[in-house]
Each structure stands twice: as C-alpha cells, then as structure tokens.
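Counting starts at 1 for both ligands and their atoms, in listed order. Quantities reported herein were computed from a predicted structural model and do not represent experimental measurements.
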Amino acid sequence: MDNDILKVLYSQDEINEACQRLGKQIQTAYQDKFPVVIGVLKGATFFMSDIVRATDTYMQIDFIDVSSYHGGTQSSGDVELVTDITTDVSGRDVVIVEDIVDTGQTLKFLLDMLKGRGAKSIKVCSLLDKPAGRTVDAHADYIGFEVPNEFVVGYGLDYDEKYRNLPYIGVLKPEIYTNN
Ligand code: IMP
C-alpha cells in the first residue's frame, strides 16, 4: 500500500496527539453531561475508538452508516442512510464523530436528521476538514487537521474500500484513481 502514497500528511504520532487534544476538549465540554457520541461508519472507525478513549467522562456510544461516495473520489451529493443508530437522541446532547468534512453534504444530512429527532444539542468532531471542498453550510466544532483539496486515505479513510488500514494519513497518487 505504501507505494500508492504520494506523500504522508500526518504520521501515527501526529494523529495520536490530535486525538489526545480533541479528547481533552470534549472532556471539558461534557464533564457534567452524558452525551451520545455517534461514530460515522466506516471512515471514522479508528478515530472514534481513539477519541472516546482519550475522553475521561461518561458517554454513550453508537454508530451510524451513511453513504455518498459509491467508490469514487467525488461525493455524489446523494446521501443515504445505510444503518441507523439504535439510541433515541430526543433531549440528548449529541457528538458526531466524522473522518472528514469535504462538501459538507453528509454532515448536513446527519445534522438535519438528528435535529429532526429532537436532539438537545449537536456538536461535530472531525479528524479532517477540507474547507475547499465545501458546497453546503456545515462545519465541525472540533477539528484535528485542515487538509488541502486532495484525495487523502488511511486511518479509516478509503479509496474504493482500500487503504483504510494504513496507520497514517497520506495523499493517494493520482494515477491510482485515474487508471481505474
Ligand atoms: P462530504 O459529504 O463530501 O463532506 O463527504 C463526507 C465523506 O466523504 C467522508 O465521511 C468520507 O468518507 C468521504 N471523503 C471525503 N473526502 C475524502 C477524501 O479525501 N478521502 C477519502 N474519503 C473522503
């Protein structure tokens, strides 16, 4: 897999430091509360598991699976709910844990849905933010790193379901996706 990577953007150590920093911010914000922390599958899997363990406060965890990519490098803009949470979020403080906010469509879909279900408050923690990709008004409250407008993989992020298990985050060589 290493050979398919143009450059490493964030090493394992840098990701770990970001998780500790964000975990402490969430801990401070929710120390007297019992939030529902919702990880967005599958990209946020590893980030979710690291972030909740960096947060020493009571919390409930759940997962949701939504899809918008259908295997390419451009979001289709058409967000679908694949697998729902099992928690009733009505009256609850919610923290959404995302891998990356690109166009913002996935996040907007989730925010609208959870607001519609009566969540008391909703904050978003995203490992990566790609502001240059934004097409709708949606933003994260807690951000690990701001990334340039390039397609990145690793630490949960995929291209065509590959590279999620890379321990770092890197930019994929463009020939990998232009040849497919
Ligand atoms: P958005 O709806 O365009 O904000 O995209 C959200 C989802 O698209 C993320 O949760 C990722 O799964 C995926 N995504 C966006 N940009 C990238 C990228 O650079 N690499 C891998 N996946 C990405």
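Every atom of ligand 1 is numbered from 1 in the order shown, and the set under 4.0 Å from a heavy atom of Glu98 is 10 (O). Near Gly104, the atoms of ligand 1 lying under 4.0 angstrom from a non-hydrogen atom of the residue are 1 (P), 3 (O), 4 (O).
At a 4.0 Å heavy-atom cut-off, ligand 1 touches Glu150 through the backbone alone. Within the 4.0 Å heavy-atom criterion, both parts of Val152, backbone and side chain, lie near ligand 1. Under 4.0 Å from ligand 1, the heavy atoms of Asp158 that appear belong solely to its backbone.
Ligand 1 is approached by Asp99 to a heavy-atom distance shorter than 4.0 Å. Note on ligand 1: Val147 sits outside its first shell, no heavy atom being nearer than 4.0 Å.
The shortest N or O to N or O distance between Val101 and ligand 1 is not below 3.5 Å. Remark: ligand 1 and Ser68 share no N or O pair separated by less than 3.5 Å (distance only, no angle test).
The shortest distance between side-chain heavy atoms of Ile26 and Cys125 falls below 4.5 Å. The closest side-chain heavy-atom distance from Lys42 to Glu161 is below 4.5 Å. The closest side-chain heavy-atom distance from Val153 to Ile169 is not below 4.5 Å. Here the side chains of Val95 and Val36 are not in contact, with every heavy-atom distance at 4.5 Å or above.
For the salt bridge (charged side-chain N to carboxylate O under 4.0 Å, His left out) with Glu150, the qualifying choice from Lys130, Lys173, Lys7 is Lys7, the only one to do so.
Ranked by closest heavy atom to atom 1 (P) of ligand 1, the top entry among Thr103, Asn149, Leu128, Val79 is Thr103. The closest non-hydrogen atom to atom 18 (C) of ligand 1, taken over Phe151, Tyr163, Tyr159, comes from Phe151. Comparing Val66, Leu172, Asp129, Thr106 against atom 2 (O) of ligand 1, the shortest heavy-atom distance belongs to Thr106.
When atom types are taken as modelled, the side chain of Arg92 and the backbone of Phe34 share a donor-acceptor pair closer than 3.5 angstrom. Checking side-chain atoms of Gln27 against main-chain N and O of Asp56 turns up a donor-acceptor pair under 3.5 Å.
Counting non-hydrogen atoms of neighbouring residues, nucleotides and ligands closer than 6.0 angstrom, the CG atom of Asp137 reaches no more than 12 such neighbours.
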